[in-house]
Asker: 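Dumping the structure here so I can ask a few things about it.
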Amino acid sequence: LTVLVNAATARDSDLSKLVHRETRVMQRQVEHHLARARAVGRRATGLSRAAVWPSAESVLRAVTRLYEDTRFDLDGNKQALVAIERQDLDEILGNLIENAAKYGGGSVFVTVDAQPDDPDFCDIWIEDDGLGIPEKDRIRIFDRGARLDTGKPGTGLGLAIVRDVAEIYGGGAELLESEDLGGLHVVLRLPRSK
């Protein structure tokens, strides 16, 4: 709000753009807290279950419309089930796949159940061919509001939401370098549905 007050006081000619941008930032923050609260409530029931493949397909359809020049590939286990609500799975996959498209170089590869022999966890890999994230920044980029590329729209909340929701369900997320594509390799680890 301070940014808006300062802009209004200075009679900034781009005030409407600034108000729109700051409103989106606030909306994302509210959505983040609601997503956390929803995930905590659902986890308490212990009955959460979602099929990964349909969720990934749905997210890819939506993101493909936004990034028409990006090539998306989906591979892996079509039967994988995770102990998470479908809405929460869509939210975190959406954040990760959209980030890969936004910051990648034109190719995004999603692998469902990349470690099929793990009896407890289902790993979902999202890889891109962008510049990646330097190793020294891979932990702090999960902090709320952290952004490395301020030239593209965003709030810096997406990866924080991914990490928080995954951890609430007993999983996690890790950032690596993609051996195949050279960009970022996100490992989303979620508990299997038993």
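We number each residue from 1, following the sequence as shown.
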Asker: Any heavy-atom pair between the side chains of Thr70 and Thr64 that's under 4.5 Å?
Answerer: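 A side-chain contact under 4.5 Å is absent here.
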Asker: In Å and rounded to the nearest 0.5 Å, what is the NZ to CG distance from Lys102 to Asn95?
Answerer: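 It is 9.0 Å, given to the nearest 0.5 Å.
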Asker: Could I get the full list of ring-ring contact (aromatic ring centres under 6.0 Å, His included) partners for Trp53, not counting sequence neighbours?
Answerer: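 Counting only residues at least two positions away or on another chain, Trp53 forms no ring-ring contact (aromatic ring centres under 6.0 Å, His included).
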Asker: Given Ile124 and Leu190, is the side-chain contact (heavy atoms from CB on, under 4.5 Å) satisfied, shown in steps?
Answerer: CA-CA 8 Å; Ile124 304 161; Leu190 296 171; 4.1 Å; yes
Asker: Is there side-chain contact between Gln87 and Ser55, with at least one heavy-atom pair below 4.5 Å?
Answerer: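 SC-SC contact between Gln87 and Ser55 ruled out.
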Asker: What is the distance from atom CD of Glu127 to atom CD of Glu179, rounded to the nearest 0.5 Å?
Answerer: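 Interatomic distance, Glu127 CD to Glu179 CD, rounded to 0.5 Å: 8.5 Å.
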Asker: Given side chains that start at C-beta, do those of Val187 and Leu175 come closer than 4.5 Å, heavy atoms only?
Answerer: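 SC-SC contact between Val187 and Leu175 ruled out.
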Asker: For residues 104-113, which residue pairs qualify under salt bridge (charged side-chain N to carboxylate O under 4.0 Å, His left out), counting only residues two or more places apart or in two chains?
Answerer: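 Matches after skipping sequence neighbours: Asp113-Arg192.
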Asker: To the closest 0.5 Å, what do you measure between CG (Asp123) and CG (Asn77)?
Answerer: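 Rounded to the nearest 0.5 Å, the CG-CG separation comes to 12.0 Å.
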Asker: Sequence neighbours excluded, which residues qualify as side chain to side chain donor-acceptor pair (under 3.5 Å) partners of Asp180?
Answerer: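 Asp180 satisfies side chain to side chain donor-acceptor pair (under 3.5 Å) with no residue once adjacent residues are dropped.
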Asker: Using a 4.5 Å cut-off on heavy atoms from C-beta on, say whether the side chain of Arg86 contacts that of Pro54.
Answerer: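 Heavy-atom side-chain distance check passes, below 4.5 Å.
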Asker: Within a strict 4.5 Å, meaning less than it, do heavy atoms of the Phe72 and Val63 side chains meet?
Answerer: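 They are in contact (side-chain heavy atoms under 4.5 Å apart), so the answer is yes.
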Asker: How many angstroms lie between atom OG of Ser58 and atom CD1 of Ile97, to the nearest 0.5 angstrom?
Answerer: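 With rounding to 0.5 Å, OG (Ser58) is 9.5 Å from CD1 (Ile97).
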Asker: Going by salt bridge (charged side-chain N to carboxylate O under 4.0 Å, His left out), name the pairs with one or both residues in residues 55-65, residues two or more places apart or in two chains.
Answerer: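 Output for this query is empty, none listed.
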Asker: Could you grab the distance from atom CD1 of Ile126 to atom OG of Ser178, nearest 0.5 Å is fine?
Answerer: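 Answer for the CD1-OG pair, Ile126 versus Ser178, is 11.5 Å.
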Asker: Taking only residues at least two apart or on different chains, which pairs with a member in residues 105-127 satisfy ring-ring contact (aromatic ring centres under 6.0 Å, His included)?
Answerer: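 Residue pairs with at least one partner in residues 105-127: Trp125-His185.
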Asker: Compare all side-chain heavy atoms of Glu174 with those of Leu176 and state whether any distance is below 4.5 angstrom.
Answerer: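 Result yes, sub-4.5 Å side-chain heavy-atom pair found.
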Asker: Which heavy atom in Leu74 sits nearest to a heavy atom in Ala56, and how many Å separate them?
Answerer: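 For Leu74 and Ala56, the tightest heavy-atom pair comes out as CD1-CB, 4.0 Å.
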Asker: Do Val82 and Leu60 belong together in a cluster built from hydrophobic side chains that touch within less than 4.5 Å?
Answerer: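 Hydrophobic grouping puts Val82 with Leu60.
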Asker: Taking the side chain from Asp129 and the backbone from Gly105, do they hold a donor-acceptor pair closer than 3.5 Å?
Answerer: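 Such a contact is found between Asp129 side chain and Gly105 backbone.
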Asker: Search all heavy atoms of Ala173 against all heavy atoms of Val162 and return the closest pair with its distance.
Answerer: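 Minimum heavy-atom contact is CB-CG1, 4.1 Å.
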Asker: Gly172 and Ala166: which non-hydrogen atoms are nearest, and at how many Å?
Answerer: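 Smallest interatomic distance, heavy atoms only, reads N-CB, 3.8 Å.
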Asker: Start with the C-alpha gap between Val52 and Leu81, add the side-chain angles, then the distance that decides, and say whether side-chain contact (heavy atoms from CB on, under 4.5 Å) holds.
Answerer: CA-CA 6 Å; Val52 180; Leu81 297 171; over 6 Å; no
Asker: Taking side chain as C-beta onward, heavy atoms only, is Val108 less than 4.5 Å from Tyr67?
Answerer: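 When only atoms from C-beta onward are counted, Tyr67 and Val108 do not touch, as no gap falls below 4.5 Å.
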Asker: If we ignore angles and hydrogens, is there a donor and acceptor under 3.5 Å between the side chains of Asp128 and Tyr103?
Answerer: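 Not at all, the side chains of Asp128 and Tyr103 share no donor-acceptor pair under 3.5 Å.
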Asker: Does a side-chain N-to-carboxylate-O contact under 4.0 Å join Arg189 and Asp120?
Answerer: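 Looking at Arg189 and Asp120, the cut-off is not met.
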Asker: Tell me, with the steps shown, if Val110 and Asp75 meet side-chain contact (heavy atoms from CB on, under 4.5 Å).
Answerer: CA-CA 6 Å; Val110 179; Asp75 195 16; over 6 Å; no
Asker: Restricting to non-hydrogen atoms, name the atom on Ser48 and the atom on Tyr169 that form the minimum distance, rounded to 0.1 Å.
Answerer: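 Of all heavy-atom pairs spanning Ser48 and Tyr169, the closest is OG-CE2, 3.8 Å.
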Asker: Name all residues meeting the salt bridge (charged side-chain N to carboxylate O under 4.0 Å, His left out) criterion together with Asp73; count only those two or more places apart in sequence or in a different chain, and write none if there are none.
Answerer: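 Applying salt bridge (charged side-chain N to carboxylate O under 4.0 Å, His left out) to Asp73 gives Arg71.
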Asker: Taking the side chain as every heavy atom from C-beta outward, state whether Leu96 and Leu188 have any atom pair closer than 4.5 Å.
Answerer: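 Yes, side chains in contact.
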Asker: Of the non-hydrogen atoms in Ala80 and Val112, which two are nearest, and what is the gap between them?
Answerer: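 Smallest heavy-atom distance, with atoms named: CB-CG1, 3.9 Å.
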